[in-house]
**Student:** 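For reference, the structure I am asking about is given below.
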Amino acid sequence: MGKGHRPAPSTEELAAFAESRRVLPGRRPDLGAVDPAGTPGYDGNKASAKRELKQLRDELFTFQTTMWAERKHSMLIVLQAMDAGGKDGTIRKVFSAFSLQGARVTGFGVPTEEELAHDFLWRIHPHAPGHGRVAIFNRSHYEDVLVVRVANLAPESVWRPRYDLINDWEHSLAAAGTTVLKFMLHVSRDEQRKRLQKRIDEPEKQWKFSAGDLDVRTQWDDYMDAYADALGNCSTDEAPWYLIPADHKWYRNLAVARIVASAARRMDPQLPALEPDLVGTKVPA
Ligand code: ADP
């Protein structure tokens, strides 16, 4: 074994890691007690994390293409974070491992007039993954209990019942064979400041900056409250939330990849059985 080389983590190690990041059902997490700059459950360094991520990416590719061939199971991955929390980076560095055949990212921005004229899940449901597919949500139905609550876009009588409605909806996805994994990428206020500053200062990043991000930043504590309630109310056995310290991008990527790989190993999709009649057949000239 070469210097610094580590074998891919065992199924037990991956499962233990995932479990350590899972928000237990009914337990409102104390976000203030989770250090966004921490690297819990990982004792390696950035270089070893990058090597492991490479291995896990290969594994995720094989998982997803096998699931696509099998067309039995599906996976929904929900990404939520404060602005500049690393949703786009996670998609780029982790989920680009998937083949475009059967995997899709959907971003949810400010609802249109037509969307607002319906129940809040109406615009979300068509993007749930069908058999064989992986769907990645960049923001999600959780905005309807986050921004809607903090920015007072609807009264409490509207957003409060949504926790149960979300649980029911995710339950119905799980009952249909969808593995649901939800990630909160937890950045610190100071790390967000640095990343937003970069967006302002670097010409190639400025398109990502919006003045509204600064208003949202002033409501940081209200958002943390809303996140804690969303995670506490909606982490279920069938659709768990995972809390990922995200100031270190390398740790964030590794943590998300490990948790998805752990779920993938549990799902264990199989290629369709070989056709006995085809074995040994030669393609005619
Ligand atoms: P991002 O900021 O993730 O790159 P966009 O700029 O397209 O993506 O849109 C995100 C914005 O849409 C955020 O400010 C978010 O709070 C808002 N948004 C998303 N869902 C809703 C919702 N259901 N109600 C109100 N605003 C929402």
Side-chain angles (χ1 to χ4, degrees), residues 31 76-96 104-128 135-170 182-187 189 191-231 233-234 241 244 246 249 252-253 256:
L31 293 176
L76 170 62
I77 296 167
V78 170
L79 295 178
Q80 283 289 159
M82 295 296 281
D83 294 311
K87 295 186 276 63
D88 296 359
T90 304
I91 292 166
R92 197 166 61 246
K93 297 291 186 179
V94 180
F95 299 126
S96 57
R104 189 168 58 189
V105 177
T106 307
F108 293 97
V110 177
T112 63
E113 211 173 309
E114 193 187 17
E115 287 168 348
L116 283 174
H118 291 82
D119 70 275
F120 74 106
L121 293 169
W122 181 79
R123 68 171 183 154
I124 310 285
H125 207 155
H127 302 282
I136 298 152
F137 284 1
N138 184 346
R139 301 188 192 267
S140 65
H141 44 303
Y142 282 93
E143 292 290 332
D144 291 283
V145 290
L146 294 167
V147 64
V148 168
R149 165 176 165 172
V150 176
N152 224 346
L153 301 179
E156 180 164 355
S157 58
V158 169
W159 58 256
R160 179 70 63 187
R162 287 180 175 168
Y163 300 113
D164 288 340
L165 294 168
I166 288 174
N167 287 339
D168 288 346
W169 183 68
E170 292 177 355
K182 303 175 294 196
F183 296 94
M184 179 199 178
L185 312 177
H186 185 34
V187 282
R189 203 158 180 254
E191 179 64 19
Q192 189 202 46
R193 181 187 57 74
K194 289 182 196 152
R195 293 184 189 178
L196 291 178
Q197 191 64 54
K198 268 195 172 175
R199 290 184 181 180
I200 292 172
D201 295 343
E202 293 178 19
E204 68 281 8
K205 289 198 170 158
Q206 214 185 76
W207 65 273
K208 279 193 164 200
F209 182 78
S210 117
D213 296 351
L214 297 183
D215 297 336
V216 170
R217 192 174 150 70
T218 63
Q219 297 168 305
W220 189 274
D221 292 343
D222 293 342
Y223 271 98
M224 291 304 109
D225 266 350
Y227 265 104
D229 281 341
L231 271 56
N233 290 329
C234 300
W241 268 106
I244 309 296
K249 295 174 182 173
R252 171 201 78 200
N253 294 337
V256 171

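Note that the numbering runs from 1 along the sequence shown for the chain. As the structure lists them, so they are numbered: ligands from 1, and atoms in each ligand from 1.
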**Student:** Is there a polar contact, in the sense of an N or O pair closer than 3.5 Å, between Arg139 and ligand 1?
**Tutor:**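 N/O-N/O distance under 3.5 Å: yes.
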
**Student:** For atom 26 (N) of ligand 1, is some protein heavy-atom partner under 4.0 Å away?
**Tutor:**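 It does; a protein heavy atom is within 4.0 Å.
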
**Student:** Measuring from non-hydrogen atoms of His141 to any atom of ligand 1, is the shortest distance under 4.0 Å?
**Tutor:**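 No, that is not the case, since the closest heavy atom of the residue is not under 4.0 Å from the ligand.
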
**Student:** Strictly inside 4.0 angstrom of atom 20 (N) of ligand 1, do you find any protein heavy atom?
**Tutor:**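 Within 4.0 Å of atom 20 (N) of ligand 1, protein heavy atoms are found.
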
**Student:** Should Arg149 and Asp229 count as an ion pair when the cut-off is N to O under 4.0 Å?
**Tutor:** yes

**Student:** Could you check whether Asp213 pairs with Lys208 (Lys NZ or Arg NE/NH1/NH2 to Asp/Glu carboxylate O, under 4.0 Å)?
**Tutor:**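 Looking at Lys208 together with Asp213, the answer is no, because their closest N to O distance does not fall below 4.0 Å.
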
**Student:** For a quick check under 3.5 Å, do Gln192 and Arg217 share a side-chain donor-acceptor pair by atom type?
**Tutor:** yes

**Student:** Indicate yes or no: does an N/O atom of Arg123 lie under 3.5 Å from an N/O atom of ligand 1?
**Tutor:** yes

**Student:** Should we count NZ of Lys87 as having more than 12 external heavy atoms under 6.0 Å?
**Tutor:**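 Check passes, neighbour count above 12.
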
**Student:** So, Lys182 and Glu170, do they make that salt bridge, N to O below 4.0 Å?
**Tutor:**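 The answer is yes: the pair qualifies as a salt bridge.
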
**Student:** What residue and atom, counting heavy atoms only, is the protein's closest point to atom 9 (O) of ligand 1, and at what distance?
**Tutor:**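 Going by distance alone, atom 9 (O) of ligand 1 is nearest to Gly109 CA, 3.5 Å.
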
**Student:** To check your reading of the model: name the closest protein heavy atom to atom 16 (O) of ligand 1, its residue, and the distance in Å.
**Tutor:**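 Answer, as residue, atom name and distance: Glu143 OE1, 3.2 Å.
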
**Student:** Considering only heavy atoms, does Val110 approach ligand 1 within less than 4.0 Å through its side chain, its backbone, both, or neither?
**Tutor:**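 Both the backbone and the side chain of Val110 come within reach of ligand 1.
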
**Student:** So is there a nitrogen or oxygen of Ser140 less than 3.5 Å from a nitrogen or oxygen in ligand 1?
**Tutor:** no

**Student:** Heavy-atom contacts with Lys87 under 4.0 Å: which atoms of ligand 1 show up? List them by number with element.
**Tutor:** 3 (O)

**Student:** Please report the closest heavy-atom contact between Gly85 and Ala246, naming both atoms and the distance.
**Tutor:**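 Closest heavy-atom pair between Gly85 and Ala246: O-CB, 4.0 Å.
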
**Student:** Quick one: is the NZ or CZ of Arg123 closer than 6.0 Å to the six-membered ring centre of Phe108, and within 45° of its axis?
**Tutor:**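 The answer is no, since Arg123 fails at least one limit relative to Phe108.
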
**Student:** If you measure from the Lys or Arg side-chain nitrogens to the Asp or Glu carboxylate oxygens, is any gap between Arg139 and Asp83 under 4.0 Å?
**Tutor:** yes

**Student:** Closer than 4.0 Å to some heavy atom of Leu153 - which atoms of ligand 1 meet that?
**Tutor:** 25 (C)

**Student:** Give me the atom names and distance for the closest heavy-atom approach of Val187 to Trp220.
**Tutor:** O-CZ2, 3.3 Å

**Student:** Considering only heavy atoms of Val148, which atoms of ligand 1 have at least one such atom less than 4.0 Å away?
**Tutor:** 24 (N)

**Student:** Indicate yes or no: does an N/O atom of Pro111 lie under 3.5 Å from an N/O atom of ligand 1?
**Tutor:**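 So ligand 1 has no N or O lying under 3.5 Å from an N or O of Pro111.
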
**Student:** Please list, in number order, the atoms of ligand 1 under 4.0 Å from a heavy atom of Asp144.
**Tutor:**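 Every atom of ligand 1 under 4.0 Å from some heavy atom of Asp144: 23 (N).
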
